[in-house]
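Everything below concerns the one structure shown next.
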Amino acid sequence: MTVITSAEVLVSRPGRNFVTLRITTSDGVTGLGDATLNGRELAVASYLSDHVAPLLIGLDPHRIEDTWQYLYRGPYWRRGPVTMASIAAVDTALWDIKGKVAGLPVYQLLGGASRTGCLAYGHAHGATPQETVEAAHAVLARGFRAVRLQSGVPGLGDIYGVGASTLPGDEVRWSRPLEEQWDSSKYLRFVPSLFELGRAELGEDVHLLHDVHHRLSPIEAARLAVDLEPYRLFWLEDVTPAEDPAVLRRVRAASTTPLAIGEVFNSVFDIKPMLEERLIDYVRMAVTHGGGISAVRKILDFASMFNARSGMHGPEDISPVGFAASLHLGLAVHNFGIQEFAGYTDETLALFQPGFTFDDGYLHPGEAPGLGVSYDDTIGEAHPYEANYLPVNRLLDGSVHDW
Ligand code: EZ4
Ligand code: CO
């Protein structure tokens with residue numbers, strides 16, 4: 001019988017830290033999984049190498065569902081981002097192996113393509129709405145049909161989506177978190193003008209999106225959703241902190257602006273009440289943080305019963321392995337909605353050599369067996385881990401606010 005003979009945890013930093021799991025079988029087949037948890041990378045690396053890898057040796061690599069259940073139910077301590085990113089990496093690597101053994105891309109194992117490509121959205125940001133709209137023109141010129149607009153707010157410095165912390169390609173590293181400023185009233189007054197300009201300059205056809213990054217109170221969130229209605233957003237993302245689903249009732253009742261939530265969720269139980277009450281339109285959970293291909297497949301099937309679609313998280317800090325896994329799943333499920341595509345640096349692409357393609361606004365995972373991603377050890381070893389934190393956020397009076 002074929003068994004798992006090794007499970008290696010590879011931590012590397014081609015511009016930013018990534019945690020990659022590589023499982024090898026007794027037949028010499030390898031599979032990759034992504035376990036990157038931005039700012040807490042070594043916690044997942046330890047969970048995998050100290051607690052999970054020893055359990056995998058000798059298991060049948062083809063028993064994906066059984067291995068998922070063994071790692072979820074077995075340790076007694078369920079859920080949480082560290083545990084679920086670790087399980088996700090194992091699950092993803094086993095799907096990669098199964099695809100390679102079958103000679104099929106993973107999306108074929110998931111039922112085959114439901115579409116010709118996955119609609120993607122890119123990021124545009126600037127210090128002012130004018131700069132943001134210029135950046136959006138450049139994004140659309142690259143073929144995107146959908147774009148997220150984030151702009152600096154007068155009176156605030158670097159904020160989410162426009163500061164150095166989120167510029168793809170920038171060297172970002174702090175030994176302590178950078179501290180950003182926030183003021184919801186300044187933001188609320190300002191944001192409609194960004195979308196007024198964006199809609200006027202970018203036209204009616206383009207899909208416009210916006211990420212609030214968990215910063216508003218329920219009543220503020222309701223007001224923003226109402227104020228943005230004239231600009232017909234594709235979605236408004238993470239309007240409130242995600243712990244309390246009940247607050248979304250107020251936002252939902254107030255407005256027809258579509259809502260997306262869930263990039264920080266790690267279990268179906270996080271999103272279940274929002275789906276059952278039809279409070280959201282898009283599920284942001286991605287393969288890397290949602291428990292793997294197997295788990296997110298189930299979550300999206302569940303979401304389909306409540307008219308919700310996928311809107312999987314695709315930031316620079318999900319590695320090309322995790323991103324490819326989300327694309328295979330997105331191509332296969334019927335209720336795909338849109339895929340975030342922040343893009344990767346050349347160093348990252350050289351390390352992983354992903355086979356996915358982007359053409360005319362649509363992503364495709366490619367036809368290589370498995371996930372279609374590889375890992376170059378020489379490049380990985382040349383870019384060792386360095387500590388890095390996400391920023392934190394303080395109000396103007398110095399108190400800590402939601403990030
Ligand atoms: O802040 O992935 O929609 N995308 C986002 C991201 C998250 C980062 C956190 O690691 O909100 O930019
Ligand atoms: Co977000």
Side-chain angles (χ1 to χ4, degrees), residues 13 15-19 34-44 81-82 84-85 88 120-125 139 144 146-151 158-170 172-174 177-180 182 187 191 207-216 221 224 233-243 258-266 270-271 274 280-290 310-323 326 337-345 348 387-393 401-403:
R13 184 181 170 70
R16 69 180 320 124
N17 294 320
F18 292 114
V19 179
D34 177 28
T36 307
L37 193 60
N38 199 4
R40 295 293 185 271
E41 296 88 354
L42 296 187
V44 189
V82 175
M84 297 307 286
Y121 75 90
H123 289 180
H125 46 76
V139 169
F144 282 96
V147 59
R148 187 187 83 166
L149 305 183
Q150 308 289 140
S151 167
D158 281 351
I159 60 168
Y160 173 76
V162 300
S165 57
T166 52
L167 287 177
D170 274 16
V172 284
R173 175 163 58 86
W174 299 285
L178 179 77
E179 300 210 345
E180 298 181 354
W182 185 252
Y187 168 78
V191 159
H207 296 302
L208 301 179
L209 301 85
H210 184 65
D211 190 352
V212 184
H213 227 247
H214 316 111
R215 284 164 191 211
L216 298 177
L224 182 63
L233 268 60
F234 186 94
W235 80 34
L236 189 60
E237 174 183 344
D238 286 338
V239 282
T240 57
E243 290 98 332
L259 301 177
I261 206 157
E263 69 183 44
V264 300
F265 290 173
N266 52 72
D270 296 325
I271 201 139
M274 297 172 185
I280 59 169
D281 302 280
Y282 295 95
V283 174
R284 291 283 285 148
M285 296 172 71
V287 166
T288 301
H289 303 126
S310 73
M312 284 183 263
H313 195 203
E316 308 89 325
D317 51 278
I318 283 178
S319 88
V321 176
F323 189 73
S326 287
I338 199 165
Q339 172 66 54
E340 183 179 26
F341 183 34
Y344 293 107
T345 62
T348 301
N388 182 55
Y389 288 97
L390 278 162
V392 298
N393 207 21
H401 191 59
D402 302 293
W403 164 259

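Atoms within each ligand, like the ligands themselves, are counted from 1 in listed order. One-based numbering along the sequence shown.
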Kindly assign one of parallel, tilted or perpendicular to the pair [X] and [Y], based on the angle between their ring planes and the thresholds 30° and 60°.
X: W235; Y: Y282; value: tilted
X: W403; Y: Y160; value: perpendicular
X: H401; Y: W182; value: parallel

Could you give the distance from CG (L236) to CD1 (I261), rounded to the nearest 0.5 Å? 10.0 Å
Does ligand 1 have any atom sitting under 4.0 Å from a heavy atom of W403? no
Under 4.0 Å from a heavy atom of [X]: which atoms of ligand 1 are those, numbered in the order shown and with their elements?
X: H313; answer: 2 (O), 3 (O), 4 (N), 5 (C), 6 (C), 7 (C)
X: D211; answer: 3 (O), 4 (N), 5 (C), 11 (O)
X: R148; answer: 3 (O), 4 (N)
X: P315; answer: 2 (O)
X: E263; answer: 3 (O), 4 (N), 5 (C), 6 (C), 7 (C), 11 (O)

E41 side-chain N/O to V19 backbone N/O, donor-acceptor pair under 3.5 Å: no
Any donor-acceptor pair under 3.5 Å from D34 side chain to S319 backbone: yes
[X] to [Y] - nearest heavy-atom pair and separation:
X: G322; Y: T288; answer: CA-OG1, 3.3 Å
X: N266; Y: M285; answer: C-CE, 4.0 Å
X: P258; Y: D281; answer: CA-OD2, 3.2 Å

Checking side chain to side chain contact (heavy atoms under 4.5 Å, CB included) against R284, which of H313, H289, M312 comes through? H313
Test of understanding: given a 4.0 Å heavy-atom threshold, classify the contact between [X] and ligand 1 as side chain, backbone, both, or neither.
X: H123; answer: neither
X: L390; answer: side chain
X: E340; answer: side chain

Nitrogen or oxygen of R284 less than 3.5 angstrom from that of ligand 1: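 The answer is yes, given that R284 and ligand 1 share an N or O pair closer than 3.5 Å.
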Find out whether V321 and F18 are in side-chain contact, i.e. whether some heavy atom of one side chain is under 4.5 Å from a heavy atom of the other. no
Leaving waters out, which protein N, O or S atoms fall under 2.8 Å from the Co ion (ligand 2)?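 Near the Co ion (ligand 2), below 2.8 Å, one finds D211 OD2, E237 OE2, E263 OE1.
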